[in-house]
Structures are given as structure tokens and as C-alpha cells.
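Shown next, in C-alpha cells, is the structure this report addresses.
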Protein chains: 2
Amino acid sequence: MSQHQDLAGQRASGSRRGKGGDGAERHEVIYRSISDAIIEHRLKPGARLREDALAEVFGISRTGIRKILQRLALEQLVTLTPRRGASVTRPTADEAREVFEARQMVECGLMPAVAQRLDEQSVNALRELSAQEQKALQEGDHSAAIRHSADFHTHIARLAGNATLAEFVERLCFRSSLILAVYGRPGHLGCETHDHEALISLLREGRGQEAATLMGHHLRAVEATLAIVEEDQEAPDLHQIFLN
Amino acid sequence: MSQHQDLAGQRASGSRRGKGGDGAERHEVIYRSISDAIIEHRLKPGARLREDALAEVFGISRTGIRKILQRLALEQLVTLTPRRGASVTRPTADEAREVFEARQMVECGLMPAVAQRLDEQSVNALRELSAQEQKALQEGDHSAAIRHSADFHTHIARLAGNATLAEFVERLCFRSSLILAVYGRPGHLGCETHDHEALISLLREGRGQEAATLMGHHLRAVEATLAIVEEDQEAPDLHQIFLN
DNA sequence: GCGCGTGACAACGTATACAATAAGCGGCAT
DNA sequence: ATGCCGCTTATTGTATACGTTGTCACGCGC
């Protein structure tokens with residue numbers, strides 16, 4: 001999909017170009033591919049991401065892959081250990097707590113502004129996202145459901161009109177997806193879509209403060225479904241185990 | 001020229017480890033060097049950062065420089081235009097507004113937690129930073145004052161115990177420094193140190209809510225000293241100029 | 001029999017070489 | 001004289017080659 005700019009590019013460049021239609025664009029696509037795979041749990045936390053394997057899969061050299069990997073590392077979706085390569089980040093319990101605390105502060109704080117600026121078109125977009133999420137849930141498609149849920153929260157944040165904060169929320173949502181992968185209990189899914197619908201209604205009626213309260217409860221509810229316990233970390237702390 | 005890295009090379013070559021005594025560490029140092037120069041306004045917004053010039057200055061190849069430049073770009077301290085190279089970011093007026101709005105939300109929101117967790121040692125550290133800032137101001141050392149002010153805000157945020165939010169605040173402070181460089185009026189400096197001292201006192205007494213209020217006023221005051229008007233952007237909008 | 005040292009392999013980090021592109025400039029035509 | 005076009009150059013983007021380092025396995029010594 002979205003090849004509608006191909007013809008424009010063709011005409012403009014006079015088609016003298018070599019293989020890479022648009023180099024920078026291709027990197028963006030690859031970035032999204034990997035990012036999506038992580039967020040949708042097709043790549044699980046801890047999975048190793050070897051540079052040359054990725055380079056071969058996507059048909060570019062390791063140089064490009066490294067650039068993408070570094071970007072993902074700065075967004076804390078992958079962990080880059082100095083001479084051991086890249087792997088999908090496995091969030092610690094502390095990080096999980098931090099991420100939800102941050103979401104609590106920012107997403108709730110954004111609600112009043114969203115309630116003020118919301119227009120009918122945005123309401124429809126949100127409803128669409130919420131519906132897609134519910135549909136995915138009913139079909140048992142975990143990957144899609146998680147993705148749509150993150151999209152919903154990100155989209156709402158964007159409506160407040162502050163791109164900086166919206167981007168921050170987006171990254172928090174991505175990390176939340178990782179947290180769900182590690183600490184989520186198999187039965188429960190992350191977000192109750194019922195909450196999402198209620199949230200839309202409150203926002204539509206301009207009741208920003210109540211929306212903030214609901215968002216707070218919603219996030220707390222999601223966090224409560226998690227089993228946030230430090231799994232056996234790599235350093236099992238033999239002292240504490242055997243010297244007691 | 002620029003053989004000042006000989007000492008580093010000397011020690012490294014003395015051992016068997018090959019030249020790069022600690023490769024990753026060196027990159028970190030270079031990153032900090034450039035980052036500091038930007039934050040302290042020794043590199044002004046709009047300044048071009050050519051890859052091979054930096055490579056020569058720091059004695060590494062362009063590959064390493066590019067990695068650092070990309071990191072700086074993701075933190076929005078430098079702008080990377082596709083085939084034109086890197087330059088120090090010149091924040092737009094919108095970005096300025098967004099950054100201060102974000103700081104308002106997060107830094108104020110952090111105050112209660114800081115007030116709760118503050119211990120005597122941290123108070124001393126904060127006082128030290130505030131004193132350094134004031135000293136730099138009195139000596140007319142703009143660079144140092146700006147840096148210490150950013151350090152102060154970052155440090156306070158860190159005390160809330162949420163590394164994720166603290167890192168976000170740090171990045172906002174860095175960007176604020178850029179904003180000051182572009183929109184700051186020559187006379188005024190960013191932060192009134194008096195506010196900082198008062199903030200410490202409130203926090204020390206555990207009055208988190210009042211500290212949040214003060215922080216809010218403080219940030220608004222800083223923002224008010226700015227002349228946030230869109231300067232002549234690259235498209236001077238000839239229509240509006242001549243067709244009126 | 002078990003632990004440790006050494007060697008081979010594989011993966012990453014760095015540098016360098018090459019290709020592609022946009023800007024600057026001079027010449028040429030009108 | 002002026003505007004346009006092609007060439008040159010400077011600078012980034014990409015790939016590949018090499019060096020370094022961490023890991024694993026095999027063998028030796030205790």
C-alpha cells in the first residue's frame with residue numbers, strides 16, 4: 001500500500017536512479033518493520049538481533065542495519081551490549097514501574113487539553129482505532145490488539161497538540177508493549193477496550209478532568225494485571241541465596 | 001595539528017590492547033564534548049557540523065562521528081538533513097512552546113515525589129549546584145551559568161527516583177538551552193537563582209505542592225523572558241511581504 | 001575426574017575506499 | 001548584459017575489508 005508517490009518520484013527523477021528508489025525511505029521502512037515486530041511480540045524480549053542476519057534479510061549492508069539498531073537502542077526497544085550485539089530489551093521491574101508512573105503523569109496531564117481541542121473527525125478516528133482493537137481481541141489476534149492499543153493511546157496523546165509530549169507518550173507505549181510481553185499474564189490482555197470507549201465519550205463531552213481520572217484508573221488497571229516480579233536475573237546473587 | 005590525543009594513544013599503545021584503549025568510552029567522551037559545546041552555546045544554533053572536520057578534531061574516523069551525530073540528532077540537539085549534513089538545531093517557536101509546556105507538566109509533577117524523598121545529602125548537592133550557577137552569573141560566564149542551570153533542573157528531577165522521567169527532563173533542559181540561544185534576549189539570563197534557592201527550601205521542608213507551584217511560576221518566568229517570535233524562516237513568505 | 005588454559009571461530013567495532021548527489025561557478029548563447 | 005546549462009567540487013551515504021574481542025570446545029595437568 002501507499003505507493004501513490006512512486007509515479008511522482010519516477011517522473012521527477014527522470015528514472016536515472018540506480019536500484020534504491022529512495023535510500024532514506026527504505027531505512028525508514030526497515031526501521032518500522034523491526035519496530036513493529038518488537039511491539040507486536042513477534043520478536044520477544046531477549047531475542048538476539050544479529051547484524052548480518054538482519055542485513056541479509058533486508059538486503060542492505062550491516063552499516064545501514066547498525067544505524068537502525070542504534071536508533072532502536074536509543075528508544076530502548078533493543079539493548080546494545082558493547083561487544084555482544086543487539087537483543088530485544090527485557091525491561092526490568094523497576095523500568096516497568098517507571099514507565100507506568102510516567103504514563104500516569106503525562107497521559108493524564110494531557111487529557112484536559114485533548115478534551116478542549118477534540119473535533120468530530122478525531123473522535124471518529126479514535127472510535128475506529130478502538131473498534132479495530134476490539135475486533136482483534138475477539139479474533140484472538142494478540143499482536144494486532146497490542147499494536148492497536150498502543151496506537152490508541154499514542155493517537156489520543158497527539159491530539160493535545162504538543163508533538164514533544166506526544167512522542168514521549170509514543171515511546172512509553174512502545175516500552176509498555178515490551179513490559180506486557182515480559183510481565184503480562186497469559187490470560188489478561190493489556191487494555192480493556194471498554195475503558196477506551198468511555199474515555200472517548202468523556203473527551204467528546206469536554207469533561208477533561210474526569211477523563212484524566214479515568215485514564216489514571218485505566219493505566220492503574222493495566223499495571224495491576226501485570227505480574228511485576230524480578231525474574232531470575234543474570235546474577236542470581238549467590239550470597240543472598242546460600243549465606244542465609 | 002591536533003596531536004593532543006597522543007597521550008591517550010601513548011598509554012593505550014603501551015599495553016597490548018591495541019590502540020583503542022576503551023573504544024566505547026572514547027565515543028562517550030566525544031559525545032559529551034559536542035553536547036556540552038552545544039548546550040553552553042559555544043556552538044550556536046545553525047552552525048554546521050561537517051563530518052570530516054569533527055573526525056579530524058577528535059582523531060577518529062567519520063564512522064564514529066556519524067554514530068555520535070545520529071545520537072545527537074535523535075535527541076534533537078542537531079538536525080540531520082538528508083544530503084546536506086548536520087547542523088546545530090534551531091528550534092522553532094512551536095518547539096519552544098512545546099518544550100516549556102512539557103517541562104511545566106513533568107517538572108512540576110515531579111516535585112511532590114522529590115519533596116518526599118529528599119535527604120540532607122541531596123540538599124547539599126543542590127545548594128552546591130545553585131551556588132555554582134550564581135557564581136558563574138556574577139562572573140559573567142554565560143556558558144557555565146546555562147550549563148549549571150540545566151544541571152540543577154536535571155538533578156532535581158533525578159531525585160524523584162524515576163530515571164525515565166528524569167532522562168526526559170534532562171533532554172528538555174538541553175533543548176531549553178538551545179531555545180535560550182535562539183530566542184533569549186541578551187540582557188536576561190534564563191533562570192533566576194533566587195527561585196532555585198527558594199525551591200530547595202520548600203523541598204527540604206517537604207512542602208511538595210508549594211514547590212510544584214513555585215516551579216510552575218519559575219518556568220513561566222523563564223519562558224516570559226524569551227522573545228518567541230518566528231524569525232525569518234528559510235521561506236520568507238514573499239507573498240505576505242509584498243502582496244500587502 | 002575435574003578444572004583450567006589455550007586455540008579456533010564468530011560477531012562486532014572501526015577505518016577506508018567508492019559511489020552518488022547537490023551546490024557553486026564559469027562559459028556560452030541569446 | 002543576462003540568463004541558462006553543463007562541469008567541477010565538495011560532502012554525504014554505502015559497502016566492504018580488517019582488526020579486536022568474547023565465546024566455545026578440546027586437551028592437558030593436577
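Residue numbers begin at 1 in each chain, while the letters A, B, ... track the order of the sequences.
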**Study point:** Partner residues of A/Arg97 under the salt bridge (charged side-chain N to carboxylate O under 4.0 Å, His left out) criterion, sequence neighbours left out
**Key:** A/Asp94, A/Glu101
Check your understanding: Are A/Glu28 and A/Arg71 within salt-bridge range, i.e. N to O under 4.0 Å?
Key -> yes
**Study point:** Contacts of B/Arg147 that satisfy salt bridge (charged side-chain N to carboxylate O under 4.0 Å, His left out) - sequence neighbours left out
**Key:** B/Asp36, B/Glu40, B/Asp151
Practice item. Measure the angle between the two terminal helix axes of the helix from C/dG1-D/dC30 to C/dT30-D/dA1, five base pairs each, and quote it to 10°. Key: 0°
**Study point:** salt bridge (charged side-chain N to carboxylate O under 4.0 Å, His left out) involving A/Arg66 - partner list, sequence neighbours excluded
**Key:** A/Glu51
Review point. Quick one: is C/dG13 close enough that its OP1 or OP2 comes under 4.0 Å of any side-chain N or O from B/His27?
Key: no
Practice item. Please name all residues satisfying salt bridge (charged side-chain N to carboxylate O under 4.0 Å, His left out) with A/Asp52, sequence neighbours left out, ordered by chain then number. Key: A/Arg50
Study note, to complete from the structure: Of the listed C/dT14, C/dA22, C/dG13, the closest approach to the B/Lys67 side chain comes from C/dT14
Review point. With a 4.0 Å cut-off on heavy atoms, is B/Arg84 in touch with a base, just the backbone sugar-phosphate, or nothing at all?
Key: sugar-phosphate
Exercise for review: Calculate the interatomic distance between B/Arg26 atom CZ and C/dA15 atom C1'; express it in whole Å.
Suggested key: 11 Å
**Study point:** Separation of D/dG22 P from A/Leu80 CG (nearest whole Å)
**Key:** 15 Å
Revision key, fill the gap. Across all chains, not counting sequence neighbours, the side-chain contact (heavy atoms from CB on, under 4.5 Å) partners of A/Ala181 are A/His41, A/Pro45
Point to revise | Protein-nucleotide distance (A/Arg83, atom CZ; C/dT14, atom P), rounded to Å | key: 7 Å
Practice item. Applying side-chain hydrogen bond (donor to acceptor under 3.5 Å, both in side chains), name anything that partners B/Glu98, two or more places apart in sequence or on another chain. Key: A/Thr164
Check your understanding: Between residues 43-64 of chain A and DNA chain C, which residues have a heavy-atom gap below 4.0 Å?
Key -> A/Arg50, A/Glu51, A/Arg62
**Study point:** N or O in side chain of A/Arg66 less than 4.0 angstrom from C/dG13 OP1/OP2
**Key:** yes
Point to revise | B/Glu128: side-chain hydrogen bond (donor to acceptor under 3.5 Å, both in side chains) partners, not counting sequence neighbours | key: none
